[in-house]
Colleague: 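I have a structure here, written as structure tokens, and I will follow up with some questions on it.
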Amino acid sequence: MPSLASARYGKDNVRVFKVDRDEKTGVQTVTEMTVCCLLEGEIETSYTKADNSVVVATDSIKNTIYIKAKEHPVNPPELYASYLGQHFLDTYPHISTANIDVTVHRWTRLAVDGAPHPHSFIRDGEETRNVEATISRTGGLALRSSIRKLTVLKSTGSAFHGFVRDEFTLLPETWDRILSTDVDSTWAWRAFKTLADVEKAAADKRFDDAWEAARSIIIKTFSTDESASVQNTMYKMCEQILEVVPEVDTAGFTLPNKHYFELDLSWHKGIKNTGKDAEVYVPQSGPNGLIKCEVSRDTATLAHR
Ligand SMILES: O=c1[nH]c(=O)c2[nH]c(=O)[nH]c2[nH]1
């Protein structure tokens, strides 16, 4: 006899835009986010018995996303996600877990004649700031913060040699290659017991400071590390994030290795375009390498995911 093994439901791709107006200075600040909110709890009968009495309509969930954005600050996103998730537990006794994903899109203040403009912004890249919040009656507020789609490239300072060579190997070793990736970096906060604990961390700027720190560690390490491999460079980034953000238990990365292949042009008038003469490369759309890791504070437990 089949049984419902797991279930969650809600609204995805809810687009929200909020303007904060400082009446004194006339400076406005904008936030654009995409929100997903999925609920779990005693909702089984809605699947198995057509019992809609346990269903908070996904349309109501969408409305709640907007109302909570009006009632509360939306920055930092960790705090907004917590307010939103906690609302569902406080309001509906049969809901036991709220899973909230918030993606914040970039709107960076424009400078005009060297001065920050009070109400004009630019989308400077597809990079996003993300939060995955799991708010539950038993586990408190579990927050995972991340940076996604931060696209970077270095034209030297990256090698890859010493790897397994056997009858499947074509790739030549290299001591100088192009390295490019879309950074997806996540750091998981030690669970917060109450919403008040999240409010305190937000007031102390812990979430914004961690995001700033992670972002600069990523940019500095990517740029300055004489990379032996994607694996080793990402591990160095994780170590530093764990060092500077003590409230974080694990730090991890998912990095595509976006290949830029050398191109042999010797067929045309003997042109030299490989090795130390390489100038024109061929960016690859796919396939790409995909390298992941998660580093935890305590003695290494290698989670196979
Ligand atoms: O940094 C790298 N790690 C790999 O595991 C790998 N494999 C590969 O073909 N190129 C690379 N580069």
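Computed from heavy atoms alone, side chains included, the values below leave out hydrogens, waters and symmetry copies. Indexing begins at 1, ligand by ligand and atom by atom, following the structure's order. Nothing fancy with the numbering, it's 1 onward along the sequence.
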Colleague: Identify the protein heavy atom lying closest to atom 12 (N) of ligand 1, giving its residue, its atom name and the separation to 0.1 Å.
Modeller: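 Nearest neighbour among protein heavy atoms for atom 12 (N) of ligand 1, to 0.1 Å: Arg177 NH1, 3.0 Å.
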Colleague: Report the nearest protein non-hydrogen atom to atom 3 (N) of ligand 1: residue, atom name, distance rounded to 0.1 Å.
Modeller: Gln231 OE1, 2.9 Å
Colleague: Can you confirm, on distance only, whether ligand 1 has an N/O atom lying under 3.5 Å from any N/O atom belonging to His259?
Modeller: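 So ligand 1 has no N or O lying under 3.5 Å from an N or O of His259.
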Colleague: Kindly assign one of parallel, tilted or perpendicular to the pair Phe160 and Phe163, based on the angle between their ring planes and the thresholds 30° and 60°.
Modeller: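 Aromatic pair Phe160/Phe163 classed parallel.
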Colleague: For the 3.5 Å polar cut-off, considering only N or O atoms, please tell me whether Val230 and ligand 1 meet it.
Modeller: yes
Colleague: Parallel, tilted or perpendicular: which describes the rings of Tyr92 and His87, with under 30° parallel and over 60° perpendicular?
Modeller: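 The rings of Tyr92 and His87 stand perpendicular, inter-plane angle above 60°.
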Colleague: Please determine whether a side-chain nitrogen of the Lys or Arg among Asp182 and Lys258 lies less than 4.0 Å from a carboxylate oxygen of the Asp or Glu.
Modeller: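 Counted as a salt bridge, because a side-chain N and a carboxylate O are separated by less than 4.0 Å.
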Colleague: Starting from atom 9 (O) of ligand 1, locate the nearest protein heavy atom and write down its residue, its atom name and how far away it is, to 0.1 Å.
Modeller: Leu171 CD2, 3.4 Å
Colleague: Counting non-hydrogen protein atoms only, what is the nearest one to atom 4 (C) of ligand 1? Give residue, atom name and distance.
Modeller: Phe160 CZ, 3.4 Å
Colleague: Is the shortest distance from a heavy atom of Met234 to ligand 1 less than 4.0 Å?
Modeller: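 Under 4.0 Å: no for Met234.
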Colleague: Show the nearest heavy-atom pair for residues Thr221 and Thr233, with the distance to one decimal.
Modeller: CG2-O, 4.2 Å
Colleague: Any nitrogen or oxygen of Ser229, side chain or backbone, less than 3.5 Å from one on ligand 1?
Modeller: no
Colleague: Should the ring pair Trp189 and Phe207 be called parallel, tilted or perpendicular, given that the plane angle runs from 0 to 90° and is split at 30 and 60?
Modeller: perpendicular
Colleague: So, for Leu179 and Phe222, which heavy atoms are closest and what is the spacing to 0.1 Å?
Modeller: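 The pair with the smallest heavy-atom distance is O-CZ, 3.5 Å.
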